[in-house]
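Worksheet for the structure shown next.
Because only heavy atoms are used, hydrogens play no part in the values below, and waters and symmetry mates are left out as well, while side chains stay in. In this text the structure is predicted, and so the values were computed from the model without any measurement. Remember, it's 1-based here, ligands and their atoms both numbered in the order they're listed. Numbers here simply count residues along the sequence, with the first being 1.
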Amino acid sequence: MQVKGYGATSAEVPVAPIVFERREVGPHDIQIDIEYCGVCHSDIHMVRSEWGPSIYPIVPGHEIVGKVVAVGAHVTKFKVGQTAGVGVFVDSCRECPSCQKGQEQYCDENMTATYNDFYRDGKTQTFGGYSANYVIDEKYALHVNFEEKDLARVAPLLCAGITTYSPLRFAGVGKGHKVAVLGLGGLGHMAVKFAASFGAEVTMLSTSPSKEADARSLGAHHFALSTDPKQMEALKGSFDFILNTVAAKHDLNAFCGLLKVEGKMLLVGIPPEDNTFGAATLISKRRSIVGSMIGGIAETQEMLDYCAEHNILSDIEMISMADVNAAYERVIKSDVKYRFVIDMKTL
Ligand code: NAP
Ligand code: ZN
Ligand code: ZN
C-alpha cells in the first residue's frame, strides 16, 4: 500500500513529506494507524548517516503508538480498535538462543529494525513511524493499556523507556544502590524515573545547570554539573552504577572514575565517534562497562505494564510533523524537555 510519511532522501537534506510503499497486512500481521511517534536521538543519528551509511529514502520513528485498524486471519493477540505499540525492531530470526530467550534484540541473525533496515526477505525496506500507519507481525507488537489522554506520553516508553529499564533491571538496581544518570535527555529522564522507582539513591550528572530543578522533580535526589571539575572530584568512587546516555563524544575515563570498587557503567548512548577509555581506571578497581540495547518484546511489555501500574510516563513536548527538523536542532543542543512527540494527526 502507498503510505504518507516524513523522510529524508539523503544524509544532507532535512526530513520532508514522502510517499512510500508499505507491505500489505499478512495473515499474522496487524495494521496500526499511528497516533503518536516519539523523536529519538537515534532518528537523528540515522537520518544523517552518523553511524555509517543509512538506507535512503529513510522514514524514521520507533516510538509508535496507535490504533489497530486491521488484523490478519491468524492474528490472536490483537483486536481491531485496541491500542498497540511498536518499538525499535519488528522481527528477528525467531530460532537462535537469544530469540528463544526472548532477547530478540540480540538475535544472532540481527533484529529487523523498525526503519533503516530490510525485512527477513533481504529486499523489502522497513519504514518507521513518522507516517500514517505501520504493518507488523503481532508477535513483535506491544499491548498499550493506558488511558487515552496519556498515549502521547506513552510513545517514548517504546525506546527511551525500555532502553533504560532493561539495563537497570539486568544490574538489579534497587534499595541501597547509588546510581548516577549521565545526560538528561530522552533516555536520561526515563532512567531517573526508573532508578528512583526501583528504590535507588539517584544523582543526575548533567552538563546543563538549567536542568537541576527538573532533575529533582523527575526523582533525582542529587544533582551535579559534569563540567565542574570540583563537583566531579568530590564524587570520585561513589556510585554502584552509572547509566550513561550521552549521545556525543565525552571523557568516559573520567566518569568511570566516579564508580566504586566493582562499580558498573551501563552504557546505552551511542556517540557517532567512539570514546576511548584507559584500562587502568577499570582494572585498578575491578570496574566494568556493560553495553545494553533496548530490550526484548517480553521485557518491553513488562516495562509498559510496570509504567501503567506505577503511573510512569514520559515528560514530553508535543510537536506537529512539520516542526520535526526544528526539534532535531533542539535535541542536538540538549534543549529537550524531555522528549519530542509528534502528533501524527498533523501529518
Ligand atoms: P538526547 O535526548 O539528545 O539526550 C542526550 C543527553 O546527553 C543530552 O540531553 C545532554 O544532557 C547530554 N549530552 C549531550 N552532549 C553531551 C556531551 N558532549 N557531553 C556530555 N553530555 C552530553 O538523546 P537520547 O534520545 O536520550 O539518546 C541518547 C543516546 O542513546 C543516543 O546516542 C541514542 O542514539 C542512544 N540510544 C541507544 C539505545 C540503545 O538501545 N542502547 C536506544 C536509544 C537511543 P545534559 O544537558 O543533561 O548534559
Ligand atoms: Zn530510539
Ligand atoms: Zn535470532
Side-chain angles (χ1 to χ4, degrees), residues 37-48 50-51 60-64 87-89 91-116 120 128-129 155-167 181-192 204-212 214-215 218 220 223-227 243-252 254-255 266-273 275 290-296 300 314-315 317 327-340:
C37 185
V39 175
C40 180
H41 205 121
S42 303
D43 298 348
I44 306 173
H45 291 314
M46 284 190 269
V47 161
R48 299 183 178 179
E50 290 177 353
W51 292 336
H62 58 207
E63 293 183 336
I64 299 167
V88 176
F89 64 95
D91 209 345
S92 63
C93 86
R94 308 176 185 216
E95 282 163 10
C96 73
S98 293
C99 284
Q100 300 220 327
K101 269 193 285 186
Q103 295 173 352
E104 302 90 347
Q105 76 277 31
Y106 302 126
C107 175
D108 285 353
E109 310 277 322
N110 294 326
M111 65 182 197
T112 301
T114 304
Y115 67 88
N116 191 31
R120 307 313 285 179
L157 302 179
L158 276 305
C159 176
I162 185 60
T163 300
T164 49
Y165 181 92
S166 183
V181 175
L182 187 53
L184 186 47
L187 268 53
H189 93 290
M190 291 310 307
V192 170
M204 184 68 231
L205 300 175
S206 173
T207 61
S208 308
S210 61
K211 293 181 184 172
E212 176 164 1
D214 285 348
L218 291 164
F223 181 93
L225 257 192
S226 57
T227 48
L243 203 152
N244 181 346
T245 76
V246 175
K249 195 169 182 191
H250 59 283
D251 187 352
L252 206 50
F255 291 112
L266 311 171
L267 191 58
V268 294
I270 316 170
E273 200 187 342
N275 296 303
V290 184
S292 186
M293 186 166 71
I294 43 175
T300 305
S314 173
D315 288 25
E317 273 188 62
Y328 280 6
E329 293 315 312
R330 284 189 50 200
V331 170
I332 289 162
K333 284 191 238 142
S334 303
D335 175 22
V336 49
K337 291 189 169 187
Y338 279 90
R339 198 57 141 186
F340 289 107

Between [X] and [Y], is there a donor-acceptor pair closer than 3.5 Å when you use the side chain of the first and the backbone of the second?
X: Ser98; Y: Cys107; result: no
X: Thr163; Y: Cys159; result: yes
X: His189; Y: Asp315; result: yes
X: Gln105; Y: Gly296; result: yes

Looking only at protein heavy atoms, identify the closest one to [atom] and say how far it is in Å.
atom: atom 45 (P) of ligand 1; value: Ser206 OG, 3.4 Å
atom: atom 37 (C) of ligand 1; value: Val268 O, 2.9 Å
atom: atom 26 (O) of ligand 1; value: Leu187 N, 2.8 Å
atom: atom 48 (O) of ligand 1; value: Thr207 OG1, 2.6 Å
atom: atom 44 (C) of ligand 1; value: Ser42 OG, 3.2 Å
atom: atom 10 (C) of ligand 1; value: Ser334 OG, 3.3 Å
atom: atom 2 (O) of ligand 1; value: Gly186 N, 2.9 Å
atom: atom 17 (C) of ligand 1; value: Val246 CG1, 3.9 Å

* **Stepwise side chain to side chain contact (heavy atoms under 4.5 Å, CB included) check, Glu109 with Arg120** => CA-CA 10 Å; Glu109 310 277 322; Arg120 307 313 285 179; 3.4 Å; yes
With a cut-off of 4.0 Å, which atoms of ligand 1 are near a heavy atom of [X]?
X: Ile294; value: 39 (C), 40 (O)
X: Val331; value: 3 (O)
X: His41; value: 1 (P), 3 (O), 23 (O), 24 (P), 25 (O), 27 (O), 31 (C)
X: Cys40; value: 43 (C), 44 (C)
X: Gly183; value: 7 (O), 11 (O), 12 (C), 47 (O)
X: Gly185; value: 2 (O), 4 (O), 9 (O)
X: Cys159; value: 42 (C), 43 (C)
X: Arg339; value: 24 (P), 25 (O)

* **Test log, rule side chain to side chain contact (heavy atoms under 4.5 Å, CB included), inputs Asn244 and His250** => CA-CA 11 Å; Asn244 181 346; His250 59 283; 3.0 Å; yes
* Asked: Any N or O on His250 sitting closer than 3.5 Å to an N or O of ligand 1?
  -> no
* Asked: Considering all heavy atoms of both residues, which atom of Pro167 and which atom of Leu243 are nearest to each other, and what is their separation?
  -> CG-CD1, 4.2 Å
* Structure fact -> Here the pair of heavy atoms bringing Ser206 nearest to Ser208 is OG-N, 2.9 Å
* To do: Report the part of Trp51 (side chain from C-beta onward, or backbone N, CA, C, O) that has a heavy atom under 4.0 Å from ligand 1; answer both or neither where that applies.
  => side chain
* Which is it for Lys249 and ligand 1 at heavy atoms under 4.0 Å: side chain, backbone, both or neither? -> backbone
* Asked: Which value, rounded to the nearest 0.5 Å, describes the distance between Leu158 atom CG and Cys40 atom SG?
  -> 11.0 Å
What I'd like to find out is whether the side chain of [X] reaches to under 4.5 Å of the side chain of [Y], using heavy atoms alone.
X: Lys211; Y: Ser334; answer: yes
X: Met204; Y: Leu218; answer: no
X: Met190; Y: Arg339; answer: no

* Asked: Is any N, O or S atom of His41 under 2.8 Å away from the Zn ion (ligand 2)?
  -> no
Ignoring hydrogens, just give me the one of [options] whose non-hydrogen atom is nearest [atom].
atom: atom 9 (O) of ligand 1; options: Leu182, Thr245, Asp251, Leu184; value: Leu184
atom: atom 39 (C) of ligand 1; options: Thr164, Thr163, Asp214, Leu205; value: Thr163
atom: atom 46 (O) of ligand 1; options: Gly38, Pro271, Ser208, Ala160; value: Ser208

* Output, in order, the C-alpha distance, side-chain angles, deciding distance and verdict of side chain to side chain contact (heavy atoms under 4.5 Å, CB included) for Met293 and Val88. => CA-CA 10 Å; Met293 186 166 71; Val88 176; over 6 Å; no
* **Polar contact flag, side-chain donor to acceptor under 3.5 angstrom, Tyr328-Asp43** => no
* What angle, to the nearest 10°, do the atoms SG (Cys96) and SG (Cys99) form about the Zn ion (ligand 3)? -> 110°
